[in-house]
Student: 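Below is one structure. I have some questions about it.
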Protein chains: 2
Amino acid sequence: MNVKDTKPPPGAIELERFLPYRLNVVAEAVSRALSRIYAERYGITVPEWRILATLGQYGRMTAKDIGAHSRMHKTKVSRAVAHLAGNGLVERMSNADDLRESYLMLTGDGQKVYCSIVPQAIEFAEGLFDGIPACDREMLERLLHQLEMRANQMSKEGE
Amino acid sequence: MNVKDTKPPPGAIELERFLPYRLNVVAEAVSRALSRIYAERYGITVPEWRILATLGQYGRMTAKDIGAHSRMHKTKVSRAVAHLAGNGLVERMSNADDLRESYLMLTGDGQKVYCSIVPQAIEFAEGLFDGIPACDREMLERLLHQLEMRANQMSKEGE
DNA sequence: GCGAATTAGTTACATTTGCAACTAATGAAC
DNA sequence: GTTCATTAGTTGCAAATGTAACTAATTCGC
């Protein structure tokens, strides 16, 4: 009998079914598996990949908007952008209307890297859903959305 | 029109529906919200909470097993345990049959802290599911399990 | 317009993390 | 039994992260 099959004592949490724990474990496993695609071949970190993906999708954005959209702290964005710019994958264009901010976009090289990662990332994400019917995927999307809303709401409620 | 409603260019990933990204964002939002319960009141970190929760459920375990079970690196476990032991929440009992390892368990204080967190954590997790029917919760559990299996498998496949 | 408050982004510092090297103990080969 | 390989756990070190302080630019109040 596997230890995981034992019932927890009364008044304890069964961690294997505790959603916050489950979400974190799964998210980390998925993230780790995905990172193999871009980390080994291109030496790109997770925050860097997020920025590439955001710019690849939206074309041009400020650092602030990237942070807000991809839920990353501004210092994380700042450093990842600095690194990507140093590697010639991202370029900055200052905004003449507001010199505090810069627009960021992929360079030609950045586009190339992004475009070579995308099909593999999509294939990976598809592979995750292997054997899962489409209606379940939609349900998962909906559930994740609700959970995120609830979590953010409950986080605020505690002031 | 919200920027999120715009279609991504062809050959790009729509990040809002990209599962690895979604999972991470939701997991982090949930984890952050939950940590309010134990971080502010008891000054406990996420890894420490995981150890408390594992010991609270299983009663007595080695550091290695805690790491394997809660998916934490052994150095993370080692340091979190050291801190918990320093605060008198966890105690070590060396195993006479194998002096390399120690059994870890909650102290009386550790039990108290754990037991005072549990109801709030359960209430929090229940709150996340507000308005979500029970059958959907079960589906979510199943889906998360499948995704984790698939991710670990795909991670291994890349050697 | 002018000074105070705000904002985008960077940098300094302290904390956290992961990897690699290590120690101490056990097991395996012979 | 002695040597070699493996294992549990800790520690040194470098990289990553978050908080707070900072700079430079903009906006608000008047």
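None of the values given here were measured: they were computed from a predicted structure.
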Student: Does dT17(D) have OP1 or OP2 sitting under 4.0 Å from an N or O in the side chain of His73(A)?
Tutor: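 No, outside the criterion.
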Student: Using every non-hydrogen atom in the two residues, find where Ile13(A) and Ala121(B) come nearest and quote the distance to one decimal.
Tutor: CD1-CB, 3.8 Å
Student: So does Ser78(B) get a side-chain nitrogen or oxygen closer than 4.0 Å to the phosphate oxygens (OP1/OP2) of dT10(D)?
Tutor: yes
Student: Rounded to whole Å, please give me the gap between NE2 in His83(B) and P in dG9(D).
Tutor: 20 Å
Student: Return the nearest nucleotide to the side chain of Thr45(A); candidates are dT26(C), dA16(D), dT26(D).
Tutor: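 Closest nucleotide to the Thr45(A) side chain: dA16(D).
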Student: OP1 or OP2 of dT10(D) less than 4.0 angstrom from a side-chain nitrogen or oxygen of Arg92(B), does that happen here?
Tutor: yes
Student: What residues, two or more places apart in sequence or in another chain, satisfy salt bridge (Lys or Arg N to Asp or Glu O under 4.0 Å) together with Arg137(B)?
Tutor: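 Checked Arg137(B) against salt bridge (Lys or Arg N to Asp or Glu O under 4.0 Å); matches are Glu126(B).
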Student: Would you list the pairs meeting ring-ring contact (aromatic ring centres under 6.0 Å, His included) in which at least one residue belongs to residues 15-39 of chain A, sequence neighbours left out?
Tutor: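 Checked against ring-ring contact (aromatic ring centres under 6.0 Å, His included) - neighbours excluded - the pairs reaching residues 15-39 of chain A are Tyr38(A)-Trp49(A).
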Student: Select from Leu99(B) and Val77(A) the residue whose nearest nucleotide in DNA chain C is closer to the 5' end of that strand.
Tutor: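 Its nearest nucleotide being more 5', the pick is Val77(A).
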Student: Just checking Lys74(A): base, sugar-phosphate only, or nothing, at a heavy-atom cut-off of under 4.0 Å?
Tutor: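 Base contact.
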Student: In whole angstroms, how far is the C1' atom of dA8(D) from the CE atom of Met72(B)?
Tutor: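 Result: 16 Å.
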Student: Is there a donor and acceptor pair, one atom on the side chain of Arg79(A) and one on the base of dG18(D), closer than 3.5 Å?
Tutor: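 Per atom types, the contact qualifies.
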Student: Of all the choices, dG9(D), dT17(C), dT26(C), which nucleotide is nearest to the side chain of Glu101(B) once you look at every atom?
Tutor: dG9(D)
Student: Kindly indicate whether the side chain of Ile117(A), heavy atoms from C-beta on, has any atom under 4.5 Å from the side chain of Ile44(A).
Tutor: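 Side-chain contact under 4.5 Å: yes.
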Student: What's the closest nucleotide to the Thr75(A) side chain, out of dT26(C), dT19(D), dT17(D)?
Tutor: dT19(D)
Student: Is there side-chain contact between Met105(B) and Val90(B), with at least one heavy-atom pair below 4.5 Å?
Tutor: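 No, every pair of side-chain atoms sits at 4.5 Å or beyond.
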Student: Could you tell me how far apart Arg100(B) (CZ) and dT6(D) (P) are, to the nearest whole angstrom?
Tutor: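 Atom-to-atom, Arg100(B) to dT6(D), this comes out as 13 Å.
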Student: Taking only the side-chain heavy atoms of Lys76(A) (C-beta and beyond), determine which of dG18(D), dG9(D), dG9(C) contains the nearest atom.
Tutor: dG18(D)
Student: Which is more 5' along DNA chain C, the nucleotide nearest Ser102(A) or the one nearest Glu28(A)? Just name the residue.
Tutor: Ser102(A)
Student: Which nucleotide sits closest to the side chain of Ala63(B): dT7(C), dT26(C), dG9(D)?
Tutor: dG9(D)
Student: Distance check needed: dT6(D) P versus Lys64(B) NZ, whole Å only.
Tutor: 14 Å
Student: Quantified as the angle between the terminal helix axes (five pairs each), what is the overall bend of the helix from dG1(C)-dC30(D) to dC30(C)-dG1(D) to 10 degrees?
Tutor: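 Answer for the end axes of this duplex: 30°.
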Student: Looking only at atom types and distance, does a side-chain atom of Ser70(A) sit under 3.5 Å from a main-chain N or O of Ile66(A), one as donor and one as acceptor?
Tutor: yes
Student: Would the distance check show the side chain of Gln57(B) and the main-chain N or O of Leu15(A) forming a donor-acceptor pair, the cut-off being under 3.5 Å?
Tutor: yes
